[in-house]
Amino acid sequence: MRKAVIIGAGMTPVGEHWKLSLRDLAVEALLNAMEDAGVDKVDSLYVGNMVSGSFVEQENLGALIADWAGLGNIPAVKIEAACASGGAAVQEGVKAVLSGLEDVVAVVGVEKMTDAWPSDATRYLAYAADAEWELFHGASFVALNALIMRHYMKTYGYTEEDLALFAVNAHANGAKNPYAMFKKPIKVETVLKSPYIADPLKLFDASPVCDGAAAVIITTPEKAKELGVPKEKWVEVAGMARAIDTINLANREDLLTLKAAKIAAEKAYKMAGVEPKDIDFFEVHDAFTVMAALSLEALGIAKKGEGAKLAREGQIAIDGDYPIQTMGGLKARGHPVGATGVYQTVEAVLQLRGEAPNQVPDAEVGLTQNIGGTGSNITVSIFRRV
(Lines give C-alpha, C1' and ligand atoms only; values in the text may rest on other atoms or scores of the structure.)
Protein backbone atom coordinates (compact mmCIF):
# COMPACT_ATOMS: atom_id res chain seq x y z
CA MET A 1 0.00 0.00 0.00
CA ARG A 2 1.14 3.52 -0.75
CA LYS A 3 2.17 5.86 2.04
CA ALA A 4 0.81 9.33 2.66
CA VAL A 5 2.76 12.36 3.85
CA ILE A 6 1.70 15.89 4.67
CA ILE A 7 3.92 18.39 2.87
CA GLY A 8 2.11 21.66 3.51
CA ALA A 9 0.20 23.26 6.37
CA GLY A 10 -1.55 26.59 6.82
CA MET A 11 -4.10 28.26 9.05
CA THR A 12 -5.70 31.53 10.04
CA PRO A 13 -5.73 32.93 13.56
CA VAL A 14 -8.78 31.76 15.53
CA GLY A 15 -11.07 34.51 16.74
CA GLU A 16 -14.08 36.67 15.91
CA HIS A 17 -13.48 37.55 12.27
CA TRP A 18 -16.17 40.14 11.64
CA LYS A 19 -14.62 41.41 8.40
CA LEU A 20 -13.92 38.00 6.83
CA SER A 21 -16.41 35.55 5.32
CA LEU A 22 -16.27 31.76 5.43
CA ARG A 23 -14.78 31.67 1.93
CA ASP A 24 -12.17 34.29 2.85
CA LEU A 25 -11.00 32.25 5.85
CA ALA A 26 -10.95 28.95 3.96
CA VAL A 27 -9.04 30.31 0.97
CA GLU A 28 -6.49 32.08 3.17
CA ALA A 29 -5.68 28.85 5.03
CA LEU A 30 -5.68 26.81 1.81
CA LEU A 31 -3.34 29.13 -0.08
CA ASN A 32 -1.03 29.28 2.95
CA ALA A 33 -0.83 25.47 2.93
CA MET A 34 -0.20 25.34 -0.82
CA GLU A 35 2.54 27.96 -0.52
CA ASP A 36 4.09 25.99 2.35
CA ALA A 37 4.10 22.88 0.16
CA GLY A 38 5.34 24.74 -2.90
CA VAL A 39 2.45 23.59 -5.11
CA ASP A 40 0.14 25.64 -7.31
CA LYS A 41 -2.43 22.95 -8.10
CA VAL A 42 -4.03 19.94 -6.44
CA ASP A 43 -6.02 16.95 -7.69
CA SER A 44 -8.97 17.36 -5.30
CA LEU A 45 -10.28 19.27 -2.29
CA TYR A 46 -11.98 17.98 0.85
CA VAL A 47 -13.68 20.53 3.09
CA GLY A 48 -14.35 19.78 6.76
CA ASN A 49 -17.34 21.75 8.01
CA MET A 50 -20.16 21.06 10.45
CA VAL A 51 -23.06 23.41 9.87
CA SER A 52 -22.37 26.19 7.36
CA GLY A 53 -25.92 25.98 6.05
CA SER A 54 -27.21 27.29 9.38
CA PHE A 55 -24.36 29.57 10.48
CA VAL A 56 -23.87 31.41 7.16
CA GLU A 57 -26.63 29.98 4.93
CA GLN A 58 -24.08 28.44 2.56
CA GLU A 59 -23.67 24.83 1.48
CA ASN A 60 -21.84 23.34 -1.52
CA LEU A 61 -18.58 24.39 0.11
CA GLY A 62 -16.43 22.22 -2.14
CA ALA A 63 -17.39 24.22 -5.22
CA LEU A 64 -17.41 27.53 -3.34
CA ILE A 65 -13.89 27.25 -1.94
CA ALA A 66 -12.24 25.53 -4.91
CA ASP A 67 -13.70 28.17 -7.23
CA TRP A 68 -12.70 31.09 -4.98
CA ALA A 69 -9.17 29.69 -4.63
CA GLY A 70 -8.81 29.32 -8.40
CA LEU A 71 -8.23 25.57 -8.29
CA GLY A 72 -10.00 24.88 -11.59
CA ASN A 73 -12.43 22.08 -12.36
CA ILE A 74 -11.24 19.65 -9.70
CA PRO A 75 -13.52 17.39 -7.63
CA ALA A 76 -14.34 19.09 -4.32
CA VAL A 77 -16.74 18.04 -1.57
CA LYS A 78 -17.75 18.92 1.98
CA ILE A 79 -17.27 16.29 4.73
CA GLU A 80 -19.58 16.48 7.75
CA ALA A 81 -19.20 14.52 10.99
CA ALA A 82 -20.38 17.10 13.55
CA CYS A 83 -17.41 18.53 15.49
CA ALA A 84 -15.23 15.75 14.03
CA SER A 85 -15.73 17.04 10.49
CA GLY A 86 -12.16 18.33 10.25
CA GLY A 87 -10.59 15.07 11.39
CA ALA A 88 -12.85 13.12 9.04
CA ALA A 89 -11.91 15.36 6.10
CA VAL A 90 -8.21 14.80 6.74
CA GLN A 91 -8.76 11.05 6.79
CA GLU A 92 -10.77 11.16 3.56
CA GLY A 93 -7.96 13.09 1.93
CA VAL A 94 -5.45 10.50 3.11
CA LYS A 95 -7.64 7.69 1.78
CA ALA A 96 -7.73 9.34 -1.64
CA VAL A 97 -3.93 9.39 -1.74
CA LEU A 98 -3.53 5.85 -0.37
CA SER A 99 -6.02 4.53 -2.93
CA GLY A 100 -3.89 5.74 -5.82
CA LEU A 101 -6.76 7.68 -7.38
CA GLU A 102 -5.23 11.04 -6.51
CA ASP A 103 -1.65 12.16 -5.96
CA VAL A 104 -1.91 15.62 -4.39
CA VAL A 105 -4.90 16.37 -2.19
CA ALA A 106 -5.89 19.52 -0.29
CA VAL A 107 -7.94 19.44 2.90
CA VAL A 108 -9.35 22.55 4.52
CA GLY A 109 -11.45 22.79 7.66
CA VAL A 110 -13.49 25.94 8.17
CA GLU A 111 -16.27 27.30 10.34
CA LYS A 112 -17.72 30.82 10.58
CA MET A 113 -19.72 30.84 13.82
CA THR A 114 -19.79 34.40 15.13
CA ASP A 115 -22.21 35.75 12.51
CA ALA A 116 -25.04 33.95 14.34
CA TRP A 117 -26.80 35.16 17.47
CA PRO A 118 -25.51 33.28 20.56
CA SER A 119 -28.87 31.59 21.08
CA ASP A 120 -28.88 30.43 17.46
CA ALA A 121 -25.27 29.22 17.72
CA THR A 122 -26.25 27.15 20.75
CA ARG A 123 -29.08 25.60 18.74
CA TYR A 124 -26.91 24.85 15.71
CA LEU A 125 -24.22 23.15 17.80
CA ALA A 126 -26.90 20.99 19.38
CA TYR A 127 -27.58 19.48 15.95
CA ALA A 128 -24.69 17.12 16.81
CA ALA A 129 -26.95 15.49 19.44
CA ASP A 130 -30.09 13.39 18.92
CA ALA A 131 -32.85 15.78 17.84
CA GLU A 132 -35.79 13.52 18.73
CA TRP A 133 -34.44 11.80 21.84
CA GLU A 134 -32.50 14.67 23.44
CA LEU A 135 -33.09 18.13 21.97
CA PHE A 136 -36.86 17.73 21.72
CA HIS A 137 -36.95 17.27 25.49
CA GLY A 138 -35.03 20.49 26.15
CA ALA A 139 -31.46 19.25 26.54
CA SER A 140 -28.81 21.55 25.13
CA PHE A 141 -25.42 20.28 23.98
CA VAL A 142 -23.80 21.96 26.98
CA ALA A 143 -26.31 20.32 29.32
CA LEU A 144 -25.49 16.87 27.96
CA ASN A 145 -21.79 17.41 28.62
CA ALA A 146 -22.60 18.77 32.07
CA LEU A 147 -24.46 15.55 32.81
CA ILE A 148 -21.36 13.56 31.86
CA MET A 149 -19.13 15.79 33.98
CA ARG A 150 -21.41 15.44 37.03
CA HIS A 151 -21.45 11.66 36.64
CA TYR A 152 -17.65 11.54 36.24
CA MET A 153 -17.06 13.59 39.37
CA LYS A 154 -19.53 11.60 41.45
CA THR A 155 -18.29 8.20 40.24
CA TYR A 156 -14.57 8.80 40.74
CA GLY A 157 -14.53 11.42 43.48
CA TYR A 158 -13.08 14.30 41.49
CA THR A 159 -13.82 17.97 42.13
CA GLU A 160 -14.46 20.92 39.84
CA GLU A 161 -10.95 22.07 40.77
CA ASP A 162 -9.45 18.83 39.43
CA LEU A 163 -11.10 19.26 36.04
CA ALA A 164 -10.20 22.95 35.95
CA LEU A 165 -6.55 21.86 35.65
CA PHE A 166 -7.20 20.85 32.04
CA ALA A 167 -8.26 24.41 31.21
CA VAL A 168 -5.25 25.85 33.05
CA ASN A 169 -2.89 23.64 31.04
CA ALA A 170 -4.55 24.53 27.73
CA HIS A 171 -4.34 28.27 28.41
CA ALA A 172 -0.69 28.01 29.49
CA ASN A 173 0.14 26.46 26.12
CA GLY A 174 -2.19 28.70 24.12
CA ALA A 175 -0.44 31.76 25.54
CA LYS A 176 2.55 30.92 23.32
CA ASN A 177 0.52 30.25 20.16
CA PRO A 178 0.16 33.33 17.93
CA TYR A 179 -2.85 31.73 16.22
CA ALA A 180 -4.76 31.06 19.45
CA MET A 181 -7.89 32.98 20.39
CA PHE A 182 -6.84 33.25 24.04
CA LYS A 183 -3.18 34.08 24.71
CA LYS A 184 -3.32 34.63 28.44
CA PRO A 185 -2.53 32.04 31.14
CA ILE A 186 -5.23 31.46 33.75
CA LYS A 187 -5.34 30.04 37.26
CA VAL A 188 -7.62 27.41 38.76
CA GLU A 189 -9.41 30.25 40.56
CA THR A 190 -10.22 31.82 37.18
CA VAL A 191 -12.11 28.69 36.17
CA LEU A 192 -13.83 28.22 39.52
CA LYS A 193 -15.01 31.85 39.68
CA SER A 194 -16.41 31.86 36.15
CA PRO A 195 -20.22 31.59 35.88
CA TYR A 196 -22.00 28.27 35.53
CA ILE A 197 -23.41 27.61 32.07
CA ALA A 198 -24.82 24.19 32.99
CA ASP A 199 -23.90 23.03 36.50
CA PRO A 200 -21.18 21.79 37.04
CA LEU A 201 -19.83 23.16 33.73
CA LYS A 202 -18.58 26.72 34.01
CA LEU A 203 -17.69 29.21 31.34
CA PHE A 204 -13.98 28.37 31.54
CA ASP A 205 -14.70 24.63 31.30
CA ALA A 206 -15.99 25.17 27.77
CA SER A 207 -14.42 26.09 24.43
CA PRO A 208 -15.47 29.36 22.77
CA VAL A 209 -17.66 30.12 19.77
CA CYS A 210 -15.27 31.43 17.12
CA ASP A 211 -14.17 31.51 13.49
CA GLY A 212 -11.17 29.99 11.75
CA ALA A 213 -9.75 27.78 9.01
CA ALA A 214 -6.81 25.39 8.68
CA ALA A 215 -5.50 23.36 5.76
CA VAL A 216 -3.02 20.65 4.80
CA ILE A 217 -1.61 19.26 1.55
CA ILE A 218 -1.26 15.46 1.35
CA THR A 219 0.67 13.39 -1.17
CA THR A 220 2.96 10.35 -1.43
CA PRO A 221 6.69 10.32 -0.59
CA GLU A 222 7.43 9.69 -4.26
CA LYS A 223 5.37 12.66 -5.41
CA ALA A 224 6.81 14.87 -2.65
CA LYS A 225 10.29 14.05 -3.92
CA GLU A 226 9.22 14.76 -7.50
CA LEU A 227 7.81 18.12 -6.40
CA GLY A 228 11.09 18.98 -4.70
CA VAL A 229 9.65 19.30 -1.21
CA PRO A 230 12.51 19.02 1.33
CA LYS A 231 12.26 15.80 3.31
CA GLU A 232 12.44 17.67 6.62
CA LYS A 233 8.99 19.07 5.80
CA TRP A 234 7.37 15.67 5.33
CA VAL A 235 5.18 14.26 8.08
CA GLU A 236 3.90 10.72 7.59
CA VAL A 237 0.29 9.81 8.31
CA ALA A 238 1.26 6.60 10.08
CA GLY A 239 -2.13 5.40 11.30
CA MET A 240 -5.74 6.46 11.40
CA ALA A 241 -9.23 5.20 12.12
CA ARG A 242 -12.65 6.42 13.14
CA ALA A 243 -15.70 4.88 14.76
CA ILE A 244 -19.14 5.79 16.04
CA ASP A 245 -21.13 5.19 19.21
CA THR A 246 -24.82 5.75 19.91
CA ILE A 247 -25.75 9.33 19.10
CA ASN A 248 -27.79 9.74 22.28
CA LEU A 249 -26.50 9.23 25.79
CA ALA A 250 -29.46 7.13 26.94
CA ASN A 251 -28.40 4.22 24.74
CA ARG A 252 -24.71 4.20 25.74
CA GLU A 253 -23.35 1.06 27.33
CA ASP A 254 -21.28 3.24 29.66
CA LEU A 255 -21.72 6.99 29.96
CA LEU A 256 -18.11 7.39 31.08
CA THR A 257 -16.40 5.49 28.26
CA LEU A 258 -15.74 7.03 24.85
CA LYS A 259 -16.13 3.69 23.12
CA ALA A 260 -15.74 5.13 19.62
CA ALA A 261 -12.42 6.72 20.64
CA LYS A 262 -11.24 3.45 22.17
CA ILE A 263 -12.05 1.47 19.03
CA ALA A 264 -10.56 4.06 16.67
CA ALA A 265 -7.40 4.39 18.77
CA GLU A 266 -6.79 0.65 18.86
CA LYS A 267 -7.06 0.48 15.06
CA ALA A 268 -4.85 3.54 14.54
CA TYR A 269 -2.18 2.20 16.92
CA LYS A 270 -2.17 -1.11 15.03
CA MET A 271 -1.89 0.58 11.64
CA ALA A 272 0.99 2.76 12.84
CA GLY A 273 2.71 -0.09 14.69
CA VAL A 274 2.90 1.88 17.94
CA GLU A 275 1.52 1.81 21.47
CA PRO A 276 0.29 4.69 23.66
CA LYS A 277 3.69 4.85 25.37
CA ASP A 278 5.31 5.62 22.01
CA ILE A 279 3.31 8.82 21.48
CA ASP A 280 5.18 12.03 22.31
CA PHE A 281 2.18 14.37 22.44
CA PHE A 282 -1.60 14.21 22.19
CA GLU A 283 -3.98 16.78 20.72
CA VAL A 284 -7.27 15.64 22.26
CA HIS A 285 -10.74 17.10 21.88
CA ASP A 286 -11.26 19.27 24.97
CA ALA A 287 -14.45 21.07 23.93
CA PHE A 288 -15.29 20.60 27.62
CA THR A 289 -12.75 19.80 30.31
CA VAL A 290 -14.36 16.46 31.18
CA MET A 291 -13.91 15.33 27.57
CA ALA A 292 -10.15 15.74 27.93
CA ALA A 293 -10.19 13.39 30.92
CA LEU A 294 -12.36 10.80 29.16
CA SER A 295 -10.20 11.02 26.04
CA LEU A 296 -7.00 10.21 27.94
CA GLU A 297 -8.69 7.09 29.26
CA ALA A 298 -10.13 6.00 25.91
CA LEU A 299 -6.76 6.44 24.18
CA GLY A 300 -5.11 4.09 26.67
CA ILE A 301 -2.99 6.75 28.33
CA ALA A 302 -4.77 6.52 31.66
CA LYS A 303 -6.74 3.74 33.31
CA LYS A 304 -10.50 4.12 33.47
CA GLY A 305 -11.36 6.81 36.00
CA GLU A 306 -7.80 8.16 36.17
CA GLY A 307 -7.77 10.70 33.33
CA ALA A 308 -8.19 13.64 35.69
CA LYS A 309 -5.49 12.17 37.92
CA LEU A 310 -2.92 12.83 35.17
CA ALA A 311 -3.86 16.50 35.24
CA ARG A 312 -3.66 16.58 39.03
CA GLU A 313 -0.14 15.09 38.86
CA GLY A 314 1.04 17.55 36.19
CA GLN A 315 1.68 14.83 33.61
CA ILE A 316 -0.25 16.61 30.84
CA ALA A 317 2.08 19.63 30.73
CA ILE A 318 4.61 20.17 27.94
CA ASP A 319 7.35 18.75 30.17
CA GLY A 320 5.13 15.96 31.52
CA ASP A 321 4.96 12.33 30.45
CA TYR A 322 1.82 12.90 28.36
CA PRO A 323 1.78 16.44 26.90
CA ILE A 324 -1.66 17.45 25.63
CA GLN A 325 -3.07 20.55 23.93
CA THR A 326 0.42 21.74 23.08
CA MET A 327 -0.86 24.85 21.28
CA GLY A 328 -3.89 25.51 23.46
CA GLY A 329 -6.36 22.89 22.32
CA LEU A 330 -10.00 23.72 21.69
CA LYS A 331 -10.16 25.52 25.01
CA ALA A 332 -7.53 28.22 24.36
CA ARG A 333 -6.72 28.02 20.64
CA GLY A 334 -10.47 27.97 20.01
CA HIS A 335 -12.99 25.56 18.53
CA PRO A 336 -14.33 26.61 15.11
CA VAL A 337 -16.10 23.27 15.05
CA GLY A 338 -15.67 21.97 11.49
CA ALA A 339 -12.09 23.23 11.36
CA THR A 340 -10.84 21.83 14.67
CA GLY A 341 -9.60 18.46 13.40
CA VAL A 342 -7.55 20.18 10.70
CA TYR A 343 -6.11 22.65 13.23
CA GLN A 344 -5.05 19.65 15.31
CA THR A 345 -3.38 18.14 12.24
CA VAL A 346 -1.52 21.37 11.42
CA GLU A 347 -0.34 21.59 15.03
CA ALA A 348 0.90 18.00 14.92
CA VAL A 349 2.79 18.77 11.70
CA LEU A 350 4.44 21.81 13.27
CA GLN A 351 5.45 19.82 16.34
CA LEU A 352 6.98 17.03 14.26
CA ARG A 353 8.83 19.49 12.05
CA GLY A 354 10.22 21.18 15.15
CA GLU A 355 8.47 24.44 14.23
CA ALA A 356 5.89 24.70 17.02
CA PRO A 357 5.86 27.84 19.18
CA ASN A 358 5.54 25.58 22.23
CA GLN A 359 7.80 22.73 21.18
CA VAL A 360 7.72 19.24 22.70
CA PRO A 361 11.42 18.24 22.86
CA ASP A 362 12.48 15.63 20.28
CA ALA A 363 8.89 14.87 19.21
CA GLU A 364 8.76 12.00 16.74
CA VAL A 365 5.18 10.68 16.98
CA GLY A 366 1.98 12.63 17.68
CA LEU A 367 -1.70 11.78 17.95
CA THR A 368 -4.84 13.79 17.22
CA GLN A 369 -8.32 12.87 18.40
CA ASN A 370 -11.41 14.72 17.14
CA ILE A 371 -14.85 14.15 18.72
CA GLY A 372 -18.21 14.67 17.06
CA GLY A 373 -21.28 15.02 19.27
CA THR A 374 -20.97 13.76 22.83
CA GLY A 375 -18.69 10.98 21.60
CA SER A 376 -20.85 9.60 18.79
CA ASN A 377 -18.38 10.14 15.93
CA ILE A 378 -14.65 10.11 16.65
CA THR A 379 -11.46 10.16 14.58
CA VAL A 380 -7.96 9.24 15.75
CA SER A 381 -4.89 9.92 13.60
CA ILE A 382 -1.21 9.21 14.29
CA PHE A 383 1.56 11.20 12.64
CA ARG A 384 5.27 10.43 12.48
CA ARG A 385 8.32 12.52 11.69
CA VAL A 386 10.01 11.24 8.53
Side-chain angles (χ1 to χ4, degrees), residues 1-12 25-48 62 65-77 86 89-110 178-179 213-240 271-273 280 327 339 341-357 359-360 362-366 368 381-386:
M1 185 173 71
R2 302 208 309 180
K3 290 186 177 181
V5 293
I6 294 174
I7 58 170
M11 54 186 166
T12 69
L25 292 167
V27 170
E28 180 181 340
L30 177 57
L31 295 182
N32 285 342
M34 293 177 67
E35 181 180 6
D36 185 49
V39 301
D40 56 10
K41 61 181 180 179
V42 295
D43 297 328
S44 66
L45 172 68
Y46 294 86
V47 181
I65 295 167
D67 174 40
W68 211 246
L71 299 183
N73 304 107
I74 64 169
V77 295
V90 171
Q91 292 191 354
E92 290 303 309
V94 172
K95 286 180 183 179
V97 169
L98 294 181
S99 73
L101 289 175
E102 295 166 352
D103 289 328
V104 184
V105 169
V107 177
V108 60
V110 62
Y179 290 88
V216 292
I217 306 300
I218 308 165
T219 188
T220 63
E222 293 78 12
K223 188 66 175 180
K225 185 176 181 180
E226 179 185 322
L227 292 168
V229 181
K231 196 168 184 178
E232 56 267 23
K233 296 187 72 170
W234 303 4
V235 171
E236 180 188 0
V237 185
M240 64 180 195
M271 180 177 176
D280 296 307
M327 293 176 69
V342 188
Y343 270 102
Q344 291 177 323
T345 303
V346 170
E347 290 161 0
V349 168
L350 295 179
Q351 283 287 356
L352 295 171
R353 284 182 180 177
E355 299 173 359
Q359 187 66 47
V360 175
D362 303 316
E364 294 186 2
V365 183
T368 65
S381 299
I382 298 172
F383 303 93
R384 180 184 289 123
R385 187 173 69 193
V386 176

#### Entry: CA sep, side-chain torsions, deciding dist, call: I7, L227, side-chain contact (heavy atoms from CB on, under 4.5 Å)
CA-CA 10 Å; I7 58 170; L227 292 168; 4.2 Å; yes
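The distance from atom CD of Q359 to atom CD of Q351, rounded to the nearest 0.5 Å, is 4.5 Å. To the nearest 0.5 Å, atom OG1 of residue T220 and atom NZ of residue K3 are 11.5 Å apart. Note that the CD1 atom of I217 and the CG atom of N32 stand 10.5 Å from one another [nearest 0.5 Å].
For V47 against A89, the heavy-atom pair with the smallest separation is C-CB, 4.2 Å. A339 and V110 get closest at one heavy-atom pair: CB-N, 3.6 Å. Contact detail for V5 and E236: the closest heavy-atom pair is CG1-CA, 3.9 Å. Listed here is the closest heavy atom pair of G62 and A76: O-CB, 3.3 Å. T12 approaches E28 most closely through the heavy-atom pair CG2-CD, 3.7 Å. Pairing each heavy atom of V90 with each of V107, the nearest pair is N-CG1, 3.7 Å.
Contact of the L30 side chain with the L71 side chain is registered, since non-hydrogen atoms from C-beta on lie closer than 4.5 Å. Residues F383 and I6 are in side-chain contact: their nearest non-hydrogen atoms beyond the backbone lie under 4.5 Å apart. Within the 4.5 Å cutoff, the side chain of I74 has heavy atoms near those of the V42 side chain. Taking the side chain as every heavy atom from C-beta outward, M327 and L350 approach each other to under 4.5 Å. Using a 4.5 Å heavy-atom cutoff, the side chains of L31 and M34 are in contact. Counting heavy atoms from C-beta on, the side chains of L45 and I65 come closer than 4.5 Å. Taking 4.5 Å as the limit, some side-chain heavy atom of M11 sits within range of a side-chain heavy atom of V346. Side-chain contact check for V94 versus M240: some heavy-atom pair is nearer than 4.5 Å.
In this structure, the side chain of D36 does not engage the main chain of G10 through any donor-acceptor pair within 3.5 Å. Side-chain atoms of Y343 come within 3.5 Å of backbone atoms of A213 as a donor-acceptor pair (strictly under, hydrogens ignored). When atom types are taken as modelled, the side chain of R385 and the backbone of R353 share no donor-acceptor pair closer than 3.5 angstrom. Between the R2 side chain and the S99 main chain, no donor and acceptor come within less than 3.5 Å of each other. Using modelled atom types, no side-chain atom of D43 and backbone atom of V105 make a donor-acceptor pair closer than 3.5 Å. Judged by distance alone, with hydrogens and angles left aside, the side-chain atoms of T219 form a donor-acceptor pair with the main-chain N or O of D103 at under 3.5 Å.
Scored by the salt bridge (charged side-chain N to carboxylate O under 4.0 Å, His left out) test, E35 finds no partners at all (sequence neighbours excluded).
Sorted by first and then second residue, the salt bridge (charged side-chain N to carboxylate O under 4.0 Å, His left out) pairs involving residues 221-231 (not counting sequence neighbours) are K223-E226.
A side-chain donor-acceptor contact under 3.5 Å links E102 and S44.
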